[in-house]
Number of protein chains: 2
Amino acid sequence: MGRRPLLDRAGVLDAALALADESGLGAVTMHAVATRLGVTPMALYRHVGDKAALLDGLVERLLGEVELPPVELTWADRLVAMARDLRRTGHRHPAVFPLLLARPAATDEAARVRDAVLHTLAEMGMESEEVAQTERLVSTAVLGFTVSEVSGRFRNHPQSVIDADFERLLTLLRGFVEPPSPGSGPAAQFG
Amino acid sequence: MGRRPLLDRAGVLDAALALADESGLGAVTMHAVATRLGVTPMALYRHVGDKAALLDGLVERLLGEVELPPVELTWADRLVAMARDLRRTGHRHPAVFPLLLARPAATDEAARVRDAVLHTLAEMGMESEEVAQTERLVSTAVLGFTVSEVSGRFRNHPQSVIDADFERLLTLLRGFVEPPSPGSGPAAQFG
DNA sequence: ACCTGAACACCGTTCAAGT
DNA sequence: ACCTGAACACCGTTCAAGT
């Protein structure tokens with residue numbers, strides 16, 4: 001029998017992601033990933049293409065970790081659940097997460113998350129043109145906040161303040177996708 | 001008289017920013033900046049510290065370009081004007097702009113822009129605790145959108161769609177900082 | 001004070017070679 | 001098919017040396 005290959009794509013991505021989580025994106029070099037796998041740098045190229053493709057693979061990995069919420073929840077609760085889970089993913093992988101802001105949701109895993117949001121927004125009877133725009137703005141807000149947080153923009157604030165900011169963002173998000181209807185909006189308080 | 005130095009900090013930053021604008025952040029290497037200035041890489045260190053400090057300098061440069069709006073404008077118009085100008089700065093310097101999401105507004109130029117927003121929000125009688133939070137969320141939304149745009153996340157969309165998205169964001173921003181008051185909010189249209 | 005030259009430990013990537 | 005070894009053109013950064 002032919003001897004089993006030492007490497008495969010999944011293993012290379014595992015090693016690269018571990019390196020990124022432990023020591024930052026700068027630690028993800030072909031040399032370092034190879035060393036961690038007990039192999040020479042050139043052995044990686046067959047499995048992950050080149051360095052840029054390796055980073056693309058890491059982004060896919062992160063998106064694959066995002067859980068879609070149970071359909072039993074109301075659509076508003078589902079959006080909030082996805083926002084929270086996306087943020088948690090950022091916390092687990094702070095070095096790789098900022099890359100999400102740099103590429104369109106073109107891969108399968110990216111489409112999976114985005115389509116879940118689109119589907120949820122469509123359920124509430126939003127026009128299809130507005131659905132797409134709303135998804136982009138909501139995703140941008142959640143990604144922008146989380147990237148800021150994991151990249152260090154909020155490093156001078158205690159975690160409690162950052163958490164409160166995010167809760168405020170979620171409240172705004174609810175109000176945004178759920179425009180005040182008669183009897184349920186903020187204006188009702190002043191009736 | 002002693003001969004004039006070949007280099008100064010401003011000149012080094014000029015060269016580095018030009019390189020970033022023309023060929024991306026990856027083109028900003030100590031070697032390339034030095035070559036552009038007709039000097040060896042080591043000559044730069046005296047003027048800009050090291051590579052990380054050089055990038056900090058570029059961020060300062062970008063923030064310094066952001067114009068503060070005339071005080072004659074209403075506070076809502078001032079916020080919108082600052083958002084637009086921040087986005088324009090991103091368009092001029094797409095390679096450097098994403099770095100804004102990675103550091104707190106700790107430098108003088110960063111504080112200048114942030115304080116202008118804080119001051120504007122305070123003018124409308126917002127409580128000081130809420131002012132700070134609102135500033136963070138508004139800045140995050142505008143930065144997150146612009147970084148997405150200049151980093152390529154929206155590259156599959158025509159510019160007209162991206163522009164419309166931003167206008168929508170500005171409308172939301174207005175509604176966010178200017179909560180509907182009796183007679184002026186959206187509800188007034190249905191009176 | 002300011003810049004250079006040589007050097008060091010790294011990078012990503014290629015190519016031909018081994019098994 | 002899969003991995004290695006040698007090599008190339010780069011990186012950032014230090015150090016001692018020149019003026």
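Residue numbers start from 1 in every chain, and the chains themselves are labelled A, B, ... in the order their sequence lines are given, proteins ahead of strands. Since the model is a prediction, treat every value here as computed from it, not as a measurement.
- In the set C/dT13, C/dG5, D/dG5, the nucleotide with an atom closest to the side chain of A/T40 is D/dG5.
- The side chain of A/R46 approaches D/dC2 more closely than any other nucleotide in the set C/dA1, C/dT13, D/dC2.
- The partner of C/dC10, taking Watson-Crick or G-U wobble pairs whose two distances both stay under 3.5 Å, does not exist in any strand shown.
- B/E67 CD: 12 or fewer foreign heavy atoms inside a 6.0 Å radius.
- Among D/dG5, D/dC11, C/dG12, the nucleotide with an atom closest to any side-chain atom of B/H31 is D/dC11.
- Taking the ring centre of B/F145 as origin, the terminal cationic atom of B/R87 falls outside the region bounded by 6.0 Å and 45° from the ring axis.
- Between the CE atom of B/M42 and the P atom of C/dC8 there is a distance of 14 Å, given to the nearest Å.
- Straight-line distance from the NZ atom of B/K51 to the C1' atom of D/dG12: 8 Å, rounded to whole Å.
- Note on B/H47: every side-chain N or O is 4.0 Å or more away from OP1 and OP2 of C/dA1.
- If you check C/dC15 for Watson-Crick or wobble pairing at under 3.5 angstrom, you find it paired to D/dG5.
- Taking side-chain N and O atoms only, B/T29 has a distance below 4.0 Å to OP1 or OP2 of D/dC11.
- Considering only side-chain N and O atoms, A/Y45 lies nowhere under 4.0 angstrom from the phosphate OP1 or OP2 of C/dT14.
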